[in-house]
Amino acid sequence: MLRNFPGQLEADLHRFYQVDLADMYRGSITPRKVAVLALNLPRGAQTWRAVGGAGAVTAEVEAAWIIEHTLLRVAHGQAGGKGKAPEMRDYPAGLLEEAAKAAFTQSRAERFRQKHLTK
């Protein structure tokens with residue numbers, strides 16, 4: 001996490017634990033302690049938002065998604081159940097996953113331009 005999301009981790013350590021990440025480099029807090037604090041950040045923390053997945057949303061948001069999904073399923077059933085049934089929302093992707101998707105899309109667009117527009 002420290003390698004990929006140093007800013008988010010530093011902000012979360014300060015916000016939730018009042019720990020300055022620079023203290024690790026000064027020797028007043030051990031890297032193990034920083035790792036333990038980082039791995040136990042609450043759901044919805046900036047670090048987990050950057051990583052993506054279930055930790056990126058708070059329990060309250062997930063509960064709201066479950067209620068929304070339940071209501072949509074009930075409405076779908078009341079409407080006769082025709083068509084595809086509503087599905088639960090996906091957890092958000094992390095920053096690295098989003099960057100990889102954007103790079104892939106960009107490379108595909110560039111290949112298309114080279115193939116079809118440079119003739």
Side-chain angles (χ1 to χ4, degrees):
M1 283 189 276
L2 185 56
R3 179 181 301 139
N4 294 324
F5 311 111
Q8 291 89 340
L9 181 59
E10 183 174 8
D12 283 339
L13 288 175
H14 181 72
R15 177 181 176 199
F16 294 108
Y17 306 119
Q18 293 73 47
V19 169
D20 186 0
L21 186 58
D23 287 344
M24 182 179 76
Y25 299 106
R26 293 184 197 114
S28 58
I29 187 171
T30 65
R32 181 193 170 282
K33 177 80 169 189
V34 170
V36 168
L37 293 174
L39 290 174
N40 289 288
L41 286 169
R43 291 179 64 176
Q46 291 298 317
T47 303
W48 296 133
R49 287 181 174 182
V51 170
V57 295
T58 63
E60 294 84 4
V61 169
E62 188 172 34
W65 287 358
I66 292 169
I67 292 168
E68 173 193 51
H69 176 68
T70 303
L71 292 173
L72 290 173
R73 291 292 297 244
V74 168
H76 180 260
Q78 292 290 324
K82 295 182 179 180
K84 187 176 177 188
E87 296 181 7
M88 276 291 291
R89 291 183 188 221
D90 291 330
Y91 290 117
L95 295 178
L96 296 178
E97 187 178 342
E98 289 292 333
K101 285 181 187 176
F104 176 75
T105 302
Q106 185 68 28
S107 70
R108 295 290 302 243
E110 185 58 35
R111 264 191 276 160
F112 177 85
R113 283 193 286 277
Q114 288 176 352
K115 183 177 179 180
H116 296 288
L117 302 178
T118 57
K119 292 182 178 180

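Residue Gln114 holds its CD atom at 4.5 Å from CD of Glu110, rounded to the nearest 0.5 Å.
Closest heavy-atom contact between Pro31 and Met24: CA-SD, 3.6 Å. Contact record, Gly83 with His76: O-NE2, 3.4 Å, taken as the closest heavy-atom pair. Of all non-hydrogen atoms in Pro86 and Arg73, the two that sit nearest each other are O-CD, 3.4 Å. Taking both residues in full, the closest heavy atoms of Leu41 and Trp48 are given as O-NE1, 3.0 Å, listed atom of the first, atom of the second, then distance. The two residues Gln8 and Ala50 come nearest to each other via the heavy atoms NE2-CB, 4.0 Å. When every heavy atom of Leu96 is checked against every heavy atom of Phe5, the shortest pair comes out as CG-CZ, 3.8 Å.
A donor-acceptor distance shorter than 3.5 angstrom exists from the side chain of Arg43 to the backbone of Ala54, with no hydrogens or angles considered. Between the side chain of Asp12 and the backbone N or O of Gln46, at least one donor-acceptor pair lies under 3.5 Å.
Between Met88 and Ile66 there is a side-chain heavy-atom pair separated by less than 4.5 Å. Between Asn40 and Tyr17, the closest side-chain pair of non-hydrogen atoms falls below 4.5 Å. Side chains of Val19 and Lys33 form no contact here, defined as non-hydrogen atoms less than 4.5 Å apart. The shortest distance between side-chain heavy atoms of Gln78 and Val74 falls below 4.5 Å.
Of the residues listed (Ile29, Leu37, Leu13), the one engaging Leu21 in a side-chain contact (heavy atoms from CB on, under 4.5 Å) is Leu13, and it is the only one.
Around the CZ atom of Arg108, the shell of radius 6.0 Å holds no more than 12 heavy atoms that belong to other residues, nucleotides or ligands. Enclosure of atom NE2 in His69 by more than 12 non-hydrogen atoms of other residues, nucleotides or ligands within 6.0 angstrom is indicated.
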Checklist entry - Step by step, would you call Asp20 with Glu10 a side-chain contact (heavy atoms from CB on, under 4.5 Å)? => result CA-CA 7 Å; Asp20 186 0; Glu10 183 174 8; 4.0 Å; yes
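Hydrophobic clustering (side-chain heavy atoms under 4.5 Å, transitive across Ile, Leu, Val, Met, Phe, Trp, Tyr) keeps Val36 apart from Val51.
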